[in-house]
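Heads up: the structure comes next, in structure tokens.
Proteins get letters first, then strands, A, B, ... in listed order; numbering begins at 1 in each. This structure is a prediction, so every number in the text was calculated from the model and none was measured.
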2 protein chains.
Amino acid sequence: MSGALKDAAIRVERPAKTLRELALDKVREAIVNGYFRPGVRLVERDLCAQLGVSRTVVREVLRHLESEGLVANLPNKGPIVAQLDIDEARQIYEIRGALEGMAARLCAERGSPEIVTALEESLTAIRNSYHDNDMAGVLANTSSFYQTLFNMVDRHVAWGVVNLLTVRINHLRSMTIKTERRSIEGPLQMSKIIDAIRRGDGEGAQRAAMDHVAAACAIAEAVLSTQKPAE
Amino acid sequence: MSGALKDAAIRVERPAKTLRELALDKVREAIVNGYFRPGVRLVERDLCAQLGVSRTVVREVLRHLESEGLVANLPNKGPIVAQLDIDEARQIYEIRGALEGMAARLCAERGSPEIVTALEESLTAIRNSYHDNDMAGVLANTSSFYQTLFNMVDRHVAWGVVNLLTVRINHLRSMTIKTERRSIEGPLQMSKIIDAIRRGDGEGAQRAAMDHVAAACAIAEAVLSTQKPAE
DNA sequence: TTACAGTATTTGGTAGGCCATAATACGATT
DNA sequence: AATCGTATTATGGCCTACCAAATACTGTAA
């Protein structure tokens with residue numbers, strides 16, 4: 001009896017992170033925050049040395065990142081950090097628009113006040129981060145805004161897809177949020193999403209969400225087009 | 001001169017598929033067509049023997065399938081073939097609806113007659129496969145119908161996402177198309193998509209595409225709910 | 001200066017081994 | 001008989017070392 005009773009409650013949490021997962025996170029981090037620039041070669045043995053792990057682990061990590069779209073594999077030449085071309089970025093924004101729009105509509109149609117509360121919390125966190133000039137915080141809190149949007153209606157698969165795609169445009173995101181326009185427009189558009197959800201206006205919530213990513217995409221394009229010639 | 005002249009033209013087409021990719025395809029195939037049932041353990045060393053490759057390759061393949069969602073990894077127990085629960089299937093259908101609806105709308109808005117022609121070709125191929133009772137053909141041609149939908153408007157990223165999700169519900173798909181209802185309804189709904197595209201009716205095309213996957217989802221749920229008790 | 005041969009680099013792939021953990025079986029003890 | 005502890009086995013995680021083939025580099029000879 002003593003063993004069977006609510007043992008789930010006292011279950012010991014153990015880290016259980018394998019070396020592989022740790023290495024995966026490290027390398028993914030290194031790519032998304034620009035430590036490894038796009039196009040750079042990822043030489044297996046160099047990574048082994050830098051990460052302090054064996055080739056086995058490195059290879060599995062590279063395969064994983066490959067299927068995430070963060071690294072590309074040139075045949076007989078090896079893996080490089082994937083280049084992001086503007087068309088692909090546009091497509092990713094478009095997909096995010098479709099899925100986030102869907103999630104927003106579902107939130108509105110559910111009409112539960114907890115959703116509004118949770119989203120408002122995220123939004124104030126974003127505003128605070130903007131106020132503190134904490135750009136990493138803006139990024140993280142924006143993610144969590146959308147995560148609640150999906151989680152509140154139990155759409156974890158869609159959230160997974162969005163998340164997967166988002167890492168590929170991460171450096172674009174970090175550039176768009178730095179724009180002055182974005183720091184005002186962004187939170188405003190997000191509050192419009194919340195308003196529509198509060199009213200139970202599914203159509204409006206969807207449109208507002210799509211507008212929001214469309215605006216992000218437009219800024220990203222502008223930033224990208226001014227940068228390309230310089231490179 | 002003899003070596004440099006138009007060597008591109010006579011370039012020997014070599015398979016270039018790495019062993020890893022071959023193994024990946026084999027195992028994925030084995031999972032989607034049910035040779036490895038859901039929940040079954042995938043013991044690395046056994047797979048090595050069955051595939052005739054080394055553990056390195058097998059492990060990389062397993063990682064890849066894991067990130068595709070076809071394999072789940074129980075901590076301290078190893079990989080198993082992922083179980084598909086009904087809620088997840090529903091979510092996948094929903095996402096397909098959103099993305100295929102988007103693609104259909106874009107096709108309609110582009111208004112080029114080649115799209116209509118290509119889609120009609122796919123549709124007649126589907127009808128023929130149904131007529132011949134060739135279910136594998138139905139599946140393949142249905143895929144290619146949607147592939148053209150995405151390709152015609154250059155949305156290869158979205159197509160990749162749909163494709164990725166679709167393998168996870170593949171056995172559901174093969175069950176839904178066997179339904180009598182589906183063999184009539186399916187092509188009919190697809191022709192509605194084409195009609196809307198021909199009219200340039202984006203809204204209608206989107207709705208028709210979403211209806212189509214919604215119907216597929218409904219049948220899948222029906223099939224799944226009659227099966228679960230038996231298991 | 002060019003062509004070519006040799007060399008280094010690097011991936012793809014293999015073989016085998018070590019260790020930790022989980023489950024199972026088995027034996028001993030109360 | 002029930003329980004407890006211990007060996008055994010199966011397996012994943014991880015490592016080292018090795019080889020073959022393709023590519024990139026480099027120095028030398030014509």
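Within 4.0 Å (heavy atoms only), A:Leu42 reaches sugar-phosphate atoms of the nucleic acid but no base atom.
To the nearest angstrom, C1' of D:dA10 lies 9 Å from CZ of B:Arg45. Atoms CZ (A:Arg55) and P (C:dT14) sit 12 Å apart, rounded to a whole Å. Atom CG in B:Leu47 sits roughly 11 Å away from atom P in D:dT11 (whole-Å rounding). The nearest whole Å value for the distance from the NZ atom in A:Lys77 to the P atom in D:dA21 is 21 Å. Straight-line distance from the CG atom of B:Leu22 to the P atom of C:dG12: 14 Å, rounded to whole Å. When rounded to the nearest whole Å, the span between CG of A:Asn73 and C1' of C:dG13 equals 14 Å. A:Glu44 places its CD atom 12 Å from the C1' atom of C:dT9, with the value rounded to the nearest Å. In this structure, A:Glu21 places its CD atom 13 Å from C1' of D:dG12, rounding to the nearest Å.
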(request) Quick one: do B:Glu88 and B:Arg168 satisfy side-chain contact (heavy atoms from CB on, under 4.5 Å)? Show the steps, please. (result) CA-CA 10 Å; B:Glu88 200 173 317; B:Arg168 278 155 76 174; 2.5 Å; yes
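Using a 4.0 Å cut-off between charged side-chain N and carboxylate O, B:Glu100 and B:Arg96 make a salt bridge. Of the charged side-chain nitrogens involved, at least one lies within less than 4.0 Å of a carboxylate oxygen, so that B:Arg63 and B:Glu66 count as a salt-bridged pair. A:Arg41 and A:Asp46 are not joined by a salt bridge, as no carboxylate oxygen comes within less than 4.0 angstrom of a charged side-chain nitrogen. Ion pair B:Glu94/A:Arg155 flagged as a salt bridge, since at least one NZ, NE, NH1 or NH2 atom sits closer than 4.0 Å to an Asp/Glu carboxylate oxygen.
A tilted orientation is assigned to the rings of B:Trp159 and B:Phe150, their planes being inclined by 30° to 60°.
Toward the 5′ end of DNA chain D lies the nearest nucleotide of B:Asp46, the other residue of the pair B:Thr56 and B:Asp46 mapping further downstream. The residue among A:Arg41 and B:Arg20 whose nearest nucleotide of DNA chain C is located toward the 5' end is A:Arg41.
You'll find that the side chain of B:Leu19 is closest to C:dT14, out of D:dC15, D:dG12, C:dT14. With C:dT21, C:dG13, D:dC14 as the candidates, the nucleotide lying closest to the side chain of B:Asn76 is C:dT21. When distances run from any side-chain atom of B:Ser54 to the nucleotides C:dA15, C:dG17, C:dG12, the shortest one goes to C:dA15.
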Protein-nucleotides 5-9 of chain D N/O pairs closer than 3.5 Å?
none

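Within the 4.0 Å cut-off from OP1 or OP2 of C:dG12, at least one side-chain nitrogen or oxygen of A:Arg63 is found.
Looking only at side-chain heavy atoms (C-beta outward), A:Leu51 and A:Val57 stay at 4.5 Å or farther from each other.
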